[in-house]
Amino acid sequence: MKNLIIYYSRKGQNYVNGSVQDLEKGNTEIVAEYIQELIGGDLFEVKTVKPYSDDYTECTEEAKEELKNKARPELVEYLRDVSDYDNIFIGSPCWWGTFPMPMFSLLEKIDFTGKNVFVVMTHEGSGLGKCEKDLKKLTKGAKLGKGLAVQGAEAKDSRDIVKKWLEINCHCMTK
């Protein structure tokens, strides 16, 4: 079984347990790396051509405006062919109840037919939001597994939770 971990993550200013903190590494990136460590696979980081504001509050307003306008920000790189992979993990923060718009920019271009797809969301209270519902629309022909929500503030300590989720839901533990 070959695994692909697609993720978007925000370094720098993030909302953590009620306050804005500066993160050296984004929460979703931490969780994506745990998945790779536990089951192996390739990492693909979604990066926008135009970065979001470094200021957390400004970033949330930019993200809200993009959602309202159904924007599809241009990405540095697109991944179109996932034919070599059996399992695809989609990792992202939950922004305004769904994926950040750059995730839609990428996911709308991929053919997920016949793939096992799993969503992992980091959040500060919204859980999976409507991400599973949105992912179902984006991954026609795929088999969607049970998603995992990890509170961002707990990302660094989530390895065991991720491992248990992989063992129970993904049946792809090889390490």
Side-chain angles (χ1 to χ4, degrees), residues 1-11 14-18 21 23-47 63 79-175:
M1 293 288 241
K2 194 158 181 203
N3 304 305
L4 174 64
I5 304 117
I6 299 171
Y7 73 96
Y8 177 81
S9 197
R10 178 175 166 83
K11 297 172 179 72
N14 275 271
Y15 187 76
V16 180
N17 282 338
Q21 296 180 16
L23 303 181
E24 188 177 313
K25 184 180 279 195
N27 295 321
T28 308
E29 183 177 7
I30 291 168
V31 176
E33 289 174 350
Y34 284 151
I35 294 169
Q36 183 186 42
E37 173 193 329
L38 291 161
I39 62 168
D42 298 326
L43 286 174
F44 181 87
E45 183 178 4
V46 175
K47 297 178 186 174
L79 177 69
R80 288 185 170 83
D81 183 15
V82 296
S83 59
D84 289 344
Y85 299 98
D86 304 294
N87 300 309
I88 301 174
F89 297 85
I90 311 291
S92 176
C94 192
W95 285 7
W96 298 106
T98 190
F99 296 102
M101 293 298 101
M103 292 299 285
F104 287 94
S105 296
L106 177 69
L107 298 176
E108 288 174 345
K109 296 184 181 316
I110 297 173
D111 179 3
F112 289 94
T113 304
K115 305 300 175 191
N116 299 311
V117 178
F118 304 91
V119 65
V120 179
M121 301 303 291
T122 56
H123 67 94
E124 280 300 319
S126 57
L128 290 169
K130 62 181 192 121
C131 296
E132 287 179 306
K133 180 181 170 189
D134 289 341
L135 191 60
K136 188 173 187 173
K137 292 177 195 170
L138 293 166
T139 59
K140 291 191 182 350
K143 179 182 175 199
L144 293 181
K146 182 173 172 30
L148 175 67
V150 176
Q151 184 177 4
E154 305 298 322
K156 286 182 184 173
D157 299 320
S158 68
R159 186 183 184 280
D160 289 345
I161 293 166
V162 171
K163 182 179 181 186
K164 185 175 182 177
W165 171 73
L166 289 167
E167 289 170 345
I168 293 170
N169 299 294
C170 306
H171 311 292
C172 51
M173 295 293 292
T174 58
K175 293 188 170 189

Euclidean distance, Asp42 CG relative to Leu79 CG, rounded to 0.5 Å: 9.5 Å
Criterion side-chain contact (heavy atoms from CB on, under 4.5 Å) on Ile35 and Tyr7, from CA distance to verdict: CA-CA 11 Å; Ile35 294 169; Tyr7 73 96; over 6 Å; no
Rounded distance (nearest 0.5 Å) linking atom CH2 of Trp95 with atom CE of Met101: 10.0 Å
Donor-acceptor pair, side chain of Asn3 and main chain of Ile39, under 3.5 angstrom: yes
Heavy-atom closest pair, residues Val162 and Tyr34: CG1-CB, 4.4 Å
Atom pairs and distances, donor-acceptor, side-chain atoms in residues 154-161, under 3.5 Å, two or more places apart:
from	atom 1	to	atom 2	distance (Å)
Ser158	OG	Ala155	O	2.7
Arg159	NE	Glu37	OE2	2.6
Arg159	NH2	Glu37	OE2	2.8

Check against side-chain contact (heavy atoms from CB on, under 4.5 Å), Asn27 and Val150: CA-CA 9 Å; Asn27 295 321; Val150 176; over 6 Å; no
Nearest heavy atoms of Cys131 and Cys94, plus distance in Å: SG-SG, 4.0 Å
Sidechain-backbone polar pair: Asp86 side chain, Lys2 backbone, donor-acceptor under 3.5 Å: yes
Euclidean distance, Leu135 CG relative to Phe118 CZ, rounded to 0.5 Å: 11.0 Å
Over all atoms of both residues, closest heavy-atom pair of Ile90 and Met103: CG2-CE, 3.5 Å
Donor-acceptor under 3.5 Å (Glu132 side chain, Gly147 main chain): yes
Asn14 CG to Thr122 OG1 distance, which is reported to the nearest 0.5 Å: 8.0 Å
Closest approach of Phe112 to Leu138 (non-hydrogen atoms, all atoms of both residues): CD1-O, 3.6 Å
Least distance between heavy atoms, Leu144 atom then Lys136 atom: CD1-CA, 3.5 Å
side-chain contact (heavy atoms from CB on, under 4.5 Å) assessment of Leu107 paired with Thr139: CA-CA 8 Å; Leu107 298 176; Thr139 59; over 6 Å; no
Distance-only donor-acceptor check, side chains Thr28 and Ser92, under 3.5 Å: no
Tyr85 backbone acceptor or donor facing Lys115 side chain under 3.5 Å: yes
Between CG on residue Asn87 and CG on residue Asn116, distance to nearest 0.5 Å: 5.0 Å
All pairs passing side chain to side chain donor-acceptor pair (under 3.5 Å) where residues 142-152 contributes a residue, at least two apart: Asn17-Gln151, Glu124-Gln151
Shortest non-hydrogen separation from Phe89 to Leu166 and the atoms involved: CE2-CD2, 3.7 Å
Tyr8 side, atom OH; Glu45 side, atom CD - distance, nearest 0.5 Å: 9.0 Å
